[in-house]
Amino acid sequence: SVTGVQTWLFRSVSYNDNISENHLKIVEVIPEKRLALFAEMEDKYEKKDVDYFVKLLNNEDYVVRTRATCILVDFGGEDKIPYIARVLKNDENELVRHEAAFSLGQMGYRSAIPHLEDATSNDPSMFVRHEAAIALGVVGAKDAIPTLTKALADPSQPVVESAIVALSNLEFMEKLSKNEKFAKLT
């Protein structure tokens with residue numbers, strides 16, 4: 001249970017003699033406010049309230065923004081690309097941007113390619129650049145080969161390796177694959 005997680009976190013910290021008293025005053029890891037919002041989100045999800053989730057992309061809580069991104073993707077449709085692309089470009093939290101890159105790849109729409117190319121080349125986070133490169137391979141973006149080739153010179157090894165994965169996938173899709181769904185599984 002959530003309370004169990006909170007209790008476990010508190011106990012694991014409080015039993016460590018090397019941690020100062022200030023560290024024992026843990027900020028609530030899973031605030032009740034978030035859980036209440038999740039319950040509201042579940043109701044809005046069942047009603048397929050797209051506008052509600054688009055508004056949540058600006059919520060102060062990065063966990064809520066991450067979840068809203070995933071839910072919009074789950075609703076499906078290429079019309080969601082601009083919202084997810086805005087998250088990828090502008091969210092302050094790299095985890096949220098990473099989720100947006102992953103989601104754009106899973107959606108599989110070619111209209112996501114320019115946004116993923118921009119993130120692969122320009123995002124300050126290696127974490128996001130890596131995921132955007134992988135997503136380009138999942139989308140099957142042959143026109144992104146120049147961006148992926150440039151990513152082979154990225155200073156971060158995980159980005160380089162992700163570009164190799166994506167380029168390998170694109171090559172496989174073009175030359176050998178008979179099953180598009182299988183080819184896009186990266």
What's the separation between atom CG in Leu57 and atom CG in Asp91, rounded to the nearest 0.5 Å?
8.5 Å

Taking every non-hydrogen atom, the tightest pair across Leu152 and Ala163
CD2-CB, 3.9 Å

Would you call Arg110 and Asp143 a salt bridge, taking side-chain N to carboxylate O under 4.0 Å as the test?
yes

Applying side-chain hydrogen bond (donor to acceptor under 3.5 Å, both in side chains) to Tyr62 and Glu92, what does each step give before you reach the verdict?
CA-CA 9 Å; Tyr62 76 94; Glu92 65 191 30; over 6 Å; no

Should Glu78 and Ser111 be marked as a side-chain hydrogen bond (donor to acceptor under 3.5 Å, both in side chains) after you check the CA-CA gap, both sets of side-chain angles, and the distance that decides it?
CA-CA 8 Å; Glu78 194 166 2; Ser111 59; 2.7 Å; yes

Going by the rule side chain to side chain donor-acceptor pair (under 3.5 Å), which residues pair with Asp43 if we only count those two or more places apart in sequence or in a different chain?
Lys47

Looking only at heavy atoms, the pair that brings His130 and Ser162 closest together is ND1-OG, 2.6 Å

Looking at Glu60 and Lys33, is any side-chain nitrogen of the basic one under 4.0 Å from a carboxylate oxygen of the acidic one?
yes

Looking at every heavy atom in both Gly105 and Leu116, which two are closest together, and how far apart are they?
N-CD1, 4.4 Å

If you count every heavy atom of other residues, nucleotides or ligands that lies below 6.0 Å from Lys89 atom NZ, does the total exceed 12?
no

Could you tell me the separation between the CG atom of Asp154 and the NZ atom of Lys150, rounded to the nearest 0.5 Å?
9.5 Å

Report the distance from atom CD of Glu42 to atom CD1 of Ile71, rounding to the nearest 0.5 Å.
9.5 Å

What verdict does the side chain to side chain contact (heavy atoms under 4.5 Å, CB included) test give for Lys80 and Val73, after you've listed the backbone C-alpha separation in whole Å, the side-chain angles of each residue and the deciding distance to 0.1 Å?
CA-CA 7 Å; Lys80 309 307 180 302; Val73 171; over 6 Å; no

Which pair of non-hydrogen atoms, one from Ala119 and one from Arg129, has the smallest distance, and what is that distance?
O-CG, 3.4 Å

Using side chain to side chain contact (heavy atoms under 4.5 Å, CB included), reason through Val138 and Gln106 one step at a time and then give a plain yes or no.
CA-CA 7 Å; Val138 171; Gln106 294 303 301; 4.2 Å; yes

Straight-line distance of Asp49 CG to Leu56 CG, nearest 0.5 Å:
9.5 Å

Between Asn169 and Gly137 (side chain of the first, backbone of the second, donor and acceptor by atom type, cut-off under 3.5 Å), is there such a pair?
yes

Please report the shortest heavy-atom distance between Ser125 and Asp123, naming the atom on each side.
N-OD1, 2.8 Å

Which word best sums up how the rings of Phe53 and Tyr45 line up, parallel for under 30°, tilted for 30 to 60°, or perpendicular for over 60°?
perpendicular

Check Asp79 against Pro82 and note the closest heavy-atom contact, atom names and distance.
O-CD, 3.4 Å

So with a 6.0 Å cut-off around OH of Tyr83, is the heavy-atom count from everything else above 12?
no

Go through the steps for Val50 and Phe75 under the test side chain to side chain contact (heavy atoms under 4.5 Å, CB included), then give the verdict.
CA-CA 8 Å; Val50 172; Phe75 286 161; 3.7 Å; yes

Would you call Asp61-Arg34 a salt bridge at under 4.0 Å N-O?
yes

Is any side-chain heavy atom of Arg65 closer than 4.5 Å to one of Val87?
no

So, taking the atom named CG in Leu148 and the one named NZ in Lys142, what distance separates them when rounded to the nearest 0.5 Å?
13.5 Å

When rounded to the nearest 0.5 angstrom, what distance separates CD1 in Ile134 from CD in Glu161?
9.5 Å

Does Ser156 reach the main-chain N or O of Met126 with its side chain, forming a donor-acceptor pair under 3.5 Å?
no

Hey, any chance Phe102 and Val139 share a hydrophobic cluster, counting ILVMFWY side chains that come within less than 4.5 Å of each other, even indirectly?
no

Does Asn58 reach the side chain of Arg86, with side-chain heavy atoms less than 4.5 Å apart?
yes

Considering residues at least two apart in sequence or located in another chain, which fulfil the side chain to side chain donor-acceptor pair (under 3.5 Å) criterion with Ser103?
none

Cluster overlap Ile113 with Val159, hydrophobic side-chain contacts below 4.5 Å
no

Any chance you could lay out the side chain to side chain contact (heavy atoms under 4.5 Å, CB included) test for Val63 and Leu95, step after step, and finish with the verdict?
CA-CA 9 Å; Val63 176; Leu95 176 64; over 6 Å; no

From the list Thr66, Val128, Thr69, side chain to side chain contact (heavy atoms under 4.5 Å, CB included) with Arg97 holds only for Val128

Any heavy-atom pair between the side chains of Val64 and Met41 that's under 4.5 Å?
yes

